[in-house]
Trainee: 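My questions all concern the structure below.
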Number of protein chains: 2
Amino acid sequence: MARDIQERIKRLIIDGRLPSGASLPTEPELMELLGVSRNSVREALKALQAMGIVEIRHGFGTYVGPMSMAPMIEGLTFRTVAGHYRGEDSLLQLLELREAVETGLIARLAGRVPEADLAELDGIVARMRTEAAAGGVRAETDRAFHATLHRGLENLLLSEVLEAFWDAFHRVRTDLVAAHADPETTVRQHEEILAAVRDGDGPRAERAVRDHFDNIRHRLRSSGER
Amino acid sequence: MARDIQERIKRLIIDGRLPSGASLPTEPELMELLGVSRNSVREALKALQAMGIVEIRHGFGTYVGPMSMAPMIEGLTFRTVAGHYRGEDSLLQLLELREAVETGLIARLAGRVPEADLAELDGIVARMRTEAAAGGVRAETDRAFHATLHRGLENLLLSEVLEAFWDAFHRVRTDLVAAHADPETTVRQHEEILAAVRDGDGPRAERAVRDHFDNIRHRLRSSGER
DNA sequence: TAGCTCAGTTGGTTAGAGCAGCTGACTCTT
DNA sequence: AAGAGTCAGCTGCTCTAACCAACTGAGCTA
């Protein structure tokens with residue numbers, strides 16, 4: 001069965017302790033190794049590719065994938081878009097998910113972010129201010145702020161999951177919702193979060209993050225849907 | 001290109017506002033509709049299946065998938081197992097992720113869980129106590145506790161993500177780590193969480209959840225790895 | 001020596017045939 | 001007439017075989 005083929009390829013990776021980027025057998029080799037046709041091999045690889053477990057490069061070979069959260073972004077985005085079109089508040093649910101994780105983490109981060117990261121965050125907020133004056137904060141800048149902030153947790157999985165949530169949210173929002181936040185407010189809220197974290201004031205940081213999300217949520221609700 | 005086929009099938013679902021369970025065109029129909037060979041159609045469907053976007057039933061047809069977080073569990077599990085075998089602390093990172101989300105949510109839950117759910121939680125804890133006396137708490141019981149607790153958030157996405165994390169964690173733990181928690185302590189900690197939530201005491205609930213995770217983490221560390 | 005070309009390897013796509021699981025209508029029995 | 005068993009048909013599943021397209025690297029040319 002197809003399921004079985006996928007499992008066996010996974011075992012190749014696990015048992016071989018293969019790191020990301022290691023090369024896997026070619027399709028003909030897998031055919032012989034697993035005793036199935038090329039077609040079945042390819043379908044299994046396609047499924048594994050969709051899960052980020054393998055990476056396929058045309059004309060080059062098949063490799064162990066980065067095992068990032070990228071496939072999750074894809075799935076989350078689709079789920080959210082589909083739900084949105086069916087009249088569910090899927091985008092709000094996604095925002096709530098982000099809020100839950102980020103507020104849960106900020107207290108732990110307060111006062112524990114390395115000086116180097118704080119300096120970088122200063123730079124990002126400064127850039128944000130410039131962009132706000134020029135019309136609007138670029139999404140990439142907001143993303144950088146959150147990514148840099150969470151780097152201090154030294155938990156790659158956590159960082160990636162948060163980035164995945166951020167990504168899915170922004171992808172859906174830009175696709176479906178017209179309104180953007182007031183740039184000035186956005187900048188001020190990020191400044192407040194940064195200041196609170198720097199001071200090591202957990203409760204204040206938590207409040208700041210919550211305010212930030214309240215702001216986004218409010219805009220989302222008031223802007224209506226297209 | 002294969003990517004393109006996937007996108008077009010997704011559009012069929014989105015543009016058609018198709019709900020989960022709706023039937024999709026058959027493979028021959030998709031061939032004609034998209035102008036590609038059967039093989040390409042199948043590979044695209046396999047990838048979409050891996051993402052939970054479609055569901056394929058042999059001899060019956062292809063349907064819009066449940067869009068659950070099940071594929072994420074798969075991916076997370078594999079990532080964690082692979083990382084573990086390569087000597088990373090991936091299982092601890094996964095636990096930390098769960099802890100972050102659950103501690104972030106518990107304060108919001110305190111005092112807001114419906115009476116019906118509280119009653120159900122009482123039942124689950126009682127069952128836990130019985131099982132603890134009989135040797136050990138079943139994983140399913142622990143899962144039910146957390147699932148019921150988070151039901152009160154009325155955010156399906158959130159519930160599913162948490163369940164996905166729980167699932168991945170337990171699957172990896174039972175596969176890789178021998179030691180199990182002291183049943184008595186486990187029961188007591190769940191009782192404390194429930195009591196704090198019932199009293200609406202946010203900080204106490206947060207402390208209780210943190211203690212619970214500390215306990216799991218401690219066992220994980222001390223038990224060593226196989 | 002530097003650059004180009006081309007052959008070989010690898011994945012991508014197509015085609016056609018037959019296998020396997022499920023449904024629903026038909027038929028036979030009671 | 002009602003029920004159970006059967007079978008034709010649809011569905012997805014697997015295989016074989018051939019050719020296309022992208023990339024690499026060795027060999028040739030200038």
Trainee: Under the 3.5 angstrom rule, does the side chain of B:Thr141 hit a backbone N or O of B:Val137 as a donor-acceptor pair?
Mentor: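 No, because the side chain of B:Thr141 does not come within donor-acceptor range (under 3.5 Å) of the backbone of B:Val137.
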
Trainee: Keeping A:Arg98 on the side-chain end and A:Phe165 on the backbone end, is there a donor-acceptor pair under 3.5 Å?
Mentor: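 No.
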
Trainee: To the nearest Å, how far apart are A:Leu48 CG and C:dG11 C1'?
Mentor: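 Value for this atom pair: 16 Å.
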
Trainee: Please determine if A:Glu29 and A:Arg38 form a salt bridge, counting it only when a charged side-chain N lies under 4.0 Å from a carboxylate O.
Mentor: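 Salt bridge absent between A:Glu29 and A:Arg38.
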
Trainee: Any side-chain N or O of B:Ser40 below 4.0 angstrom from OP1/OP2 of C:dG12?
Mentor: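 No, outside the criterion.
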
Trainee: Rounding to an integer number of Å, can you tell me how far A:Lys46 NZ sits from C:dG11 P?
Mentor: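 Those two atoms, NZ and P, are 12 Å apart.
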
Trainee: Would you call A:Arg79 and B:Glu160 a salt bridge, using N to O less than 4.0 angstrom?
Mentor: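 Looking at A:Arg79 and B:Glu160, the cut-off is met.
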
Trainee: Regarding A:His84 and A:Asp89, do their side chains bring together a donor and an acceptor under 3.5 Å, going by distance alone?
Mentor: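 Short answer, no.
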
Trainee: Are A:Arg86 and A:Glu88 close enough for a salt bridge, meaning some N to O gap below 4.0 Å?
Mentor: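 Salt bridge: yes.
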
Trainee: Looking at residues 20-32 of chain B, who's got a heavy atom less than 4.0 Å off DNA chain D?
Mentor: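 Residues of residues 20-32 of chain B under 4.0 Å from DNA chain D: B:Thr26, B:Glu27, B:Pro28.
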
Trainee: Tell me: CD of B:Gln6 to P of C:dT13, nearest whole Å?
Mentor: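 Between P of C:dT13 and CD of B:Gln6: 11 Å.
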
Trainee: Considering only heavy atoms, which members of residues 52-68 of chain A lie under 4.0 Å from some atom of DNA chain D?
Mentor: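 Of all residues in residues 52-68 of chain A, the ones placing a heavy atom under 4.0 Å from DNA chain D are A:His58, A:Gly59, A:Phe60.
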
Trainee: Under the 3.5 angstrom rule, does the side chain of A:Thr174 hit a backbone N or O of A:His170 as a donor-acceptor pair?
Mentor: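 Confirmed, A:Thr174 side chain pairs with A:His170 backbone.
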
Trainee: Can you find an N or O donor on one side and an acceptor on the other, under 3.5 Å apart, linking the side chain of B:Asn39 with the base of C:dT13?
Mentor: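 Flag unset: no donor-acceptor pair detected.
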
Trainee: Starting from the 5' end of DNA chain C, give me the residue, B:Arg38 or B:Glu43, whose nearest nucleotide shows up first.
Mentor: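 Nearer the 5' end of the strand: B:Glu43.
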
Trainee: Any Lys/Arg nitrogen of B:Glu154 or B:Arg112 sitting under 4.0 Å from an Asp/Glu carboxylate oxygen of the other?
Mentor: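 Answer for the salt bridge query: no.
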
